[in-house]
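Here is how names work: the chains are called A, B, and so on, in the same order as the sequence lines, proteins then strands, and each is numbered from 1. Here the structure is a predicted model, which is why all the values come from computation and not from measurement.
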There are 2 protein chains.
Amino acid sequence: MGDQVATLKDIAERTGVSVNTVSLALRGSPRVGQSTRERILESARALDYTPNHAAQSLVTRRNMTVGLLLTDMTSPVLTQVAQKLEIELKAKGYVTLLAASNGDGEEEERALATFRSRQVDGVLVYPNHRRHLDGIRRLAASGMPVILLAGKEVEGLDVVTIDEQHGSALAARHLIDLGHRRIGLIDSERATGNAEKIDGYRQALAEAGIEVDPALIVGPGGHGISQGYAAMAHLLTLPDPPTAVLASTDRIAMGGLRWCQENGIDVPTDVSVFGYDNVEYAEAAAPPLSSVNYPAEQIAQAAAELMLDRINTSADATKRIVLKPDLVIRSSTAGR
Amino acid sequence: MGDQVATLKDIAERTGVSVNTVSLALRGSPRVGQSTRERILESARALDYTPNHAAQSLVTRRNMTVGLLLTDMTSPVLTQVAQKLEIELKAKGYVTLLAASNGDGEEEERALATFRSRQVDGVLVYPNHRRHLDGIRRLAASGMPVILLAGKEVEGLDVVTIDEQHGSALAARHLIDLGHRRIGLIDSERATGNAEKIDGYRQALAEAGIEVDPALIVGPGGHGISQGYAAMAHLLTLPDPPTAVLASTDRIAMGGLRWCQENGIDVPTDVSVFGYDNVEYAEAAAPPLSSVNYPAEQIAQAAAELMLDRINTSADATKRIVLKPDLVIRSSTAGR
DNA sequence: TATCTCAGTATTAACGTTAATACAACGCAG
DNA sequence: CTGCGTTGTATTAACGTTAATACTGAGATA
């Protein structure tokens, strides 16, 4: 029963006023009389009225929706950001339309097209590739507010992200300060921030006057736990193995920790291991993992704020908000 | 330039035909002539036309959207399901509108209202409370397809979930088979499936003729890692501590593992620990955690299929799909 | 040649809402 | 008692699309 949803018209008929009066009353306009308003509100409640968003958005040209495009819906870092964003935007009345590109460029394009077709008011994107931003640029050029959540060096687009190079350099410096000179790097090619993280590592080593040994840099070809396991195996069975290892991801680091454990290599006595992202599980690793903290909350907050700005006020120059990450030192790192 | 989005009308004016002809042509109707069609398609491309979804949905009464309400956007299990669901639904042309209730009943209500207002074609829900389903029931009663993703005992609503009691019983039985008699249970009150998991534990013990010692059942008051840590501390400092512990969540189990590690208690020699969910990180725990596998992919697949069914064909009797979980045995469990 | 068919296109009316404007009734100042 | 602002409500026109129906001209049919 009552399979049809109630519309303004239904309320209007029931109360004997015009549709427009109902609309005004429900929106709290002072122009409708006390008693009429009450009758209308009561009818609305009785009919369990919910405004038809499509109709509203068609006429107001506001959708109260922002699109959020993630590269991976299961990444703890990304979902943390997504969670905060959702909360932040919801507080302002916006709904989050989520899509995942799962590392696929075509999926990314499709998601953007969907966002456009649905007339979202703005789009937040973790791009798949740092260089290949054509689709995103096109969308932005068409007047859609677009904010990138990775790729601090990007020109011509708003960006809110962390300084991944800085984080990486910080971690490397910390290891150097502990007395390490041979520091391995496991960096997954496709992970967000690839080149930047390698750059930070190089920078820290250069500053300390340590020559970079290319044999100590290994791309695991993925960012799963098993890839970290394999990469660590590779590094520690080298003729002249590193005494410390920097991983581009906690996942990778934890895979590495597992290899150490299985092979009787004590962390941090035999090797120090440094993660990246400060995932919740890093705390429960064996041993608890030192990691570069990804300030998800601040990113989300800044991004949400900027997004609302972009939606409500017409274009300024593009903005670039780059947060500096800090370190969380636990017990997977120690001096020589 | 071109800040205004192109509409059918623009294409119509440009090609000199009527709006309706354009609409037909773009939808591939055979009723429009070859040459006209080509001119229209070309114009559409030139103007970078994207259909206005709000307008479409207003008249077709199909939104091609399903709402997904999660209790926690950062839970690895839930996001895994969300990911698969998104992929599955996207393949059928549906977009996923995501919301998180974050364990708050009012947020849940608000999210459902949003879904309704946006005229989603269906709603998938991880409910906050098993008993308090009023809002969800009301939505379903209004004709909206609704599928619950937890709470196998629920009447009158479609449910796709796993048999949590069975999973829990399986795990307990495994520990019993290994020779354990004093088995602790850490079950977080609010986690999905609370009562069921306890029931499974009781059931397995009863079957084996082991009396349940209430002192061995501890509710950690949350499902974080630190709560698991504290709960394990509590259990293992008992006068007569358990020789095996079943945790209602991998997160909790991993918190427990950490406590053991810090306190020189070897797992599995001194205690066996069993997790629940088979989170990715379980594999990298120290030691790798035995866990009840949550078949996220199957859940998502079944839920998506049922949802499309509900959207496309009018109501049958409510359906209840309950998958049986299996165990993943790693090295955190061993015999006495 | 008159009629019938049919392909191709146009016209009209929805969908549910908001926005702009018009109207009616009323009290009140002049 | 005329005119005027005020208050409350109604009317009309949008928004961009689809659906139903109406028209038009040309070739086929009788």
Query raised in the report: Does anything in residues 44-60 of chain A reach DNA chain D, meaning a heavy atom under 4.0 Å, and if so which residues?
Result: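 The answer is A/Leu58, A/Val59.
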Query raised in the report: For DNA chain D, what residues of residues 109-121 of chain B have any heavy atom nearer than 4.0 Å?
Result: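 Output list: empty, so none.
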Contacts of type salt bridge (charged side-chain N to carboxylate O under 4.0 Å, His left out), residue [X], not counting sequence neighbours:
| X | value |
| --- | --- |
| A/Glu155 | A/Arg320 |
| B/Arg37 | none |
| A/Glu153 | A/Arg131 |

Nucleotide [N], atom [atom2] - distance to [atom1] of [X] in whole Å:
| X | N | atom1 | atom2 | answer |
| --- | --- | --- | --- | --- |
| B/Met64 | D/dT17 | CE | C1' | 16 Å |
| B/Lys9 | D/dT18 | NZ | C1' | 17 Å |
| B/Leu26 | C/dT9 | CG | P | 14 Å |

Query raised in the report: With a 4.5 Å heavy-atom cut-off, do B/Leu41 and B/Leu26 have their side chains touching?
Result: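 Result yes, sub-4.5 Å side-chain heavy-atom pair found.
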Query raised in the report: What pairs of residues pass the salt bridge (charged side-chain N to carboxylate O under 4.0 Å, His left out) test when at least one of them lies in residues 80-92 of chain A, not counting sequence neighbours?
Result: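 Applying salt bridge (charged side-chain N to carboxylate O under 4.0 Å, His left out) to every pair that reaches into residues 80-92 of chain A, excluding sequence neighbours, yields A/Lys84-A/Glu297, A/Glu86-A/Lys90, A/Lys90-B/Glu107.
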Requested in this report: Name all pairs fulfilling the salt bridge (charged side-chain N to carboxylate O under 4.0 Å, His left out) condition that reach into residues 55-66 of chain B, sequence neighbours left out, sorted by first residue then second.
Outcome: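 The answer is none; no pair qualifies.
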Requested in this report: Could you list the residues that satisfy side chain to side chain contact (heavy atoms under 4.5 Å, CB included) with B/Thr74, not counting sequence neighbours?
Outcome: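 Applying side chain to side chain contact (heavy atoms under 4.5 Å, CB included) to B/Thr74 gives A/Thr79, A/Gln80, A/Gln83, B/Asp72, B/Arg251.
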Report task. Only counting residues at least two apart or in another chain, list the ones meeting side chain to side chain contact (heavy atoms under 4.5 Å, CB included) with B/Thr50. Result ->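 Expected list: A/Arg116, A/Ser117.
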Please check the phosphate of [N] (OP1 and OP2 only) for any side-chain N or O of [X] closer than 4.0 Å.
| X | N | answer |
| --- | --- | --- |
| B/Arg27 | D/dA19 | yes |
| B/Arg61 | C/dG16 | yes |
| B/Ser23 | D/dG16 | no |

Requested in this report: Any side-chain hydrogen bond (donor to acceptor under 3.5 Å, both in side chains) involving residues 16-32 of chain B? Give me the pairs, sequence neighbours left out, ordered by first then second residue.
Outcome: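 Residue pairs with at least one partner in residues 16-32 of chain B: B/Ser18-B/Thr21, B/Ser23-B/Arg27.
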Query - Interatomic distance, B/Leu149 atom CG to B/Leu124 atom CG [nearest 0.5 angstrom] - result: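 Separation between the atoms: 5.5 Å.
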Query raised in the report: What's the spacing between B/Leu58 CG and B/Asn52 CG if we round to 0.5 Å?
Result: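 Going from the CG atom of B/Leu58 to the CG atom of B/Asn52 covers 9.5 Å.
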Query raised in the report: How close do A/Ser101 and A/Leu69 get, heavy atom to heavy atom, and via which atoms?
Result: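 Scanning both residues completely, I find the closest heavy atoms to be N-CD1, 3.9 Å.
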Query raised in the report: In degrees rounded to 10°, what angle is found between the helical axes fit to the five outermost pairs at each end of the helix from C/dT1-D/dA30 to C/dG30-D/dC1?
Result: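 Between the first-five-pair axis and the last-five-pair axis there is 70°.
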Query raised in the report: So, B/Asn128 versus B/Glu108: side-chain donor-acceptor pair below 3.5 Å or not?
Result: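 Yes, side-chain donor-acceptor contact under 3.5 Å.
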Please list, pair by pair, any protein nitrogen or oxygen found under 3.5 Å from a nitrogen or oxygen in nucleotides 10-13 of chain D.
{"from": "D/dA10", "atom 1": "OP2", "to": "A/Ser18", "atom 2": "N", "distance (Å)": "2.6"}
{"from": "D/dA10", "atom 1": "OP2", "to": "A/Ser18", "atom 2": "OG", "distance (Å)": "3.4"}
{"from": "D/dA10", "atom 1": "OP2", "to": "A/Thr21", "atom 2": "OG1", "distance (Å)": "3.1"}

